[in-house]
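Along the sequence shown, residues are numbered consecutively beginning with 1. For clarity, every value in this text was computed on a predicted model and none was experimentally measured.
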Amino acid sequence: MKVTATLFTLFVLFSATARAQVPAQSNLPAGAIARLGRGSINEIEYSPDGARLAVATSIGIWLYDIAMGQEIALLTGHRSEVRSVAFSPDGITLASGSWDKTVRLWDAKTGVHKQTLTADMERVNSVAFSPDGMTLACASSDGKIWLWDAETGVHKRTLTGQTKWVNNVTFSPDGKILAGACMAEVRLWDVETGEHKLTLSGHKRRVNNVAFSPDGKTLASGSWDKTVCLWDTVSWTHKQICSGHRYRVVSVSFSPDGRVLASVSGEGTDRLVYLWDAATGEHKGTFAGHRDAVNSVAFSPERGVLASGSSDGTVLLWKVADLR
C-alpha cells in the first residue's frame with residue numbers, strides 16, 4: 001500500500017458552544033490532513049453521506065462538519081460517559097449509548113433530543129442500526145443485546161445466550177445476522193427470529209470490536225490478544241489473521257471498497273493506526289500522530305479518508321491511498 005497525505009486546513013476546537021470557530025493550527029503529524037476533538041474520545045462515526053462526524057466522549061457527543069473542520073453541536077443529557085454512537089442509514093437519526101444505562105435518539109441535523117430508550121439493562125457499550133434503519137441494537141454489560149423499533153422506540157426482542165459483557169454489535173450488510181463481541185468469542189444471531197446461530201472461537205482474550213466488510217463476505221474481529229481475525233461469512237471459518245499489534249485491539253474498520261482494514265490498540269503506549277490488506281491480512285503501514293491511546297477508527301464513505309479518535313481528545317483525519 002502506498003500511504004500518502006495532503007495537509008488541509010486545521011481547526012482545534014476549544015469552545016464548548018455550537019458553531020465555535022478558532023484560528024487554523026499547524027504542526028500536524030506526518031500523514032494527517034486535519035485535527036478535530038474535545039474530551040476523551042470513546043468512539044467516532046461518520047454520517048452516511050460523509051459530511052458529519054459524531055464523536056462519543058466522556059462529556060457528551062460532539063458533531064463536526066467535516067468540510068468546515070469545525071464543531072456544530074455538543075449533545076448533552078447522558079448522566080455518564082457516552083460509549084457509542086451510530087447514524088441511521090438515512091442520516092436522519094443519531095443514536096448514542098451510555099454507561100448511564102440508556103440509549104438516546106437525536107435529530108442528526110439539529111441535535112434535538114427525540115427520545116430516550118430505557119429498560120432493565122446495565123451499562124450500554126455499543127449501538128448499531130440495521131441496514132434498513134428499522135431496528136436499533138444495543139449491547140449491554142449484563143450480556144444482553146436489546147433490539148428496538150428505531151422509529152417508535154418500542155422494545156422488540158432481547159438476544160440472550162451470553163452471560164457476560166457484550167462489548168460491541170454490528171449488523172451484516174443484508175441485515176440478517178447480528179454479530180456480537182462477547183468476551184473471548186464472536187456470537188452470531190438471526191435478527192428475524194432472535195435465534196443464536198453460531199459462536200466463533202479462536203481468540204485467546206476478550207474480543208472488543210467486530211465489523212463486516214461492505215460486501216458482507218468477511219467479518220473482522222479485534223481482540224485483546226493483539227490480533228484481528230478475518231472470518232469467511234459463508235463457511236464461518238477462519239480466513240486470515242492480522243498480527244503485529246503490540247497491545248490489545250479495540251477498534252476495526254473496513255474501507256468502503258473493502259480492500260483495506262484499519263485497527264487501533266486503545267493503549268497509551270501504542271498510539272498508532274494500523275493498516276492491513278483485508279484479503280491477505282498483510283500489514284501494509286501505520287499512521288502516527290496521536291499523543292495518547294487511540295480508541296476508535298472509522299473510514300469515511302468518501303474514498304480513502306480515515307478518522308481516528310484518541311484519549312488525547314483529538315480526531316485525526318488521514319488520507320489512505322489505494323492498495324497497489
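Between E282 and K284 there is a salt bridge, since at least one side-chain N of the basic residue sits less than 4.0 Å from a carboxylate O of the acidic one. In summary, E43 and R83 do not engage in a salt bridge, as defined by a charged side-chain N under 4.0 Å from a carboxylate O. Contact check on K176 versus E192 returns no salt bridge, with no Lys/Arg side-chain nitrogen under 4.0 Å from an Asp/Glu carboxylate oxygen. Under a 4.0 Å N-O distance rule, the pair R246/D270 qualifies as a salt bridge.
Using cut-offs of 30° and 60° for the angle between ring planes, the W231 and H203 rings count as perpendicular. Taking the six-membered ring where the residue is Trp, W146 and H155 present tilted rings, their angle falling between 30° and 60°.
The closest side-chain donor-acceptor pair between R206 and N167 falls under 3.5 angstrom. Judged by distance alone, the side chains of T116 and H113 do bring a donor and an acceptor atom under 3.5 Å apart.
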Problem set entry | Trace of the side chain to side chain contact (heavy atoms under 4.5 Å, CB included) decision for S40 with T57 | CA-CA 5 Å; S40 180; T57 77; 5.9 Å; no

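What you find for F212 and T170 is that their closest heavy atoms are CD1-CG2, 3.8 Å. The minimum heavy-atom distance linking N209 with V252 is given by the pair OD1-N, 2.9 Å. Taking all atoms of both residues into account, the shortest heavy-atom contact from A307 to I44 is O-CD1, 3.3 Å. Heavy atoms only, all atoms of each residue included: A128 and A86 are closest at CA-CB, 4.2 Å. Across V250 and S265, no two heavy atoms sit closer than the pair CG1-O, 3.4 Å. The two residues W318 and A288 have their closest heavy-atom pair at CH2-O, 3.5 Å.
Taking CG of D107 as the start and CD of Q115 as the end, the distance is 13.0 Å to the nearest 0.5 Å. Note: F254 CZ to S263 OG = 10.5 Å, rounded to the nearest 0.5 Å.
Looking at S47, its side chain does come within 3.5 Å of a backbone N or O of R52 through a donor-acceptor pair. Between the side chain of D100 and the backbone N or O of R79, at least one donor-acceptor pair lies under 3.5 Å.
For E151, the CD atom sits in a loose shell: 12 or fewer heavy atoms of surrounding residues, nucleotides or ligands are nearer than 6.0 Å.
Placement of L147 and V169 within a single hydrophobic cluster is found when ILVMFWY residues are connected by side-chain heavy-atom separations under 4.5 Å, directly or transitively. One hydrophobic cluster, built from ILVMFWY side chains closer than 4.5 Å, holds both L136 and V124.
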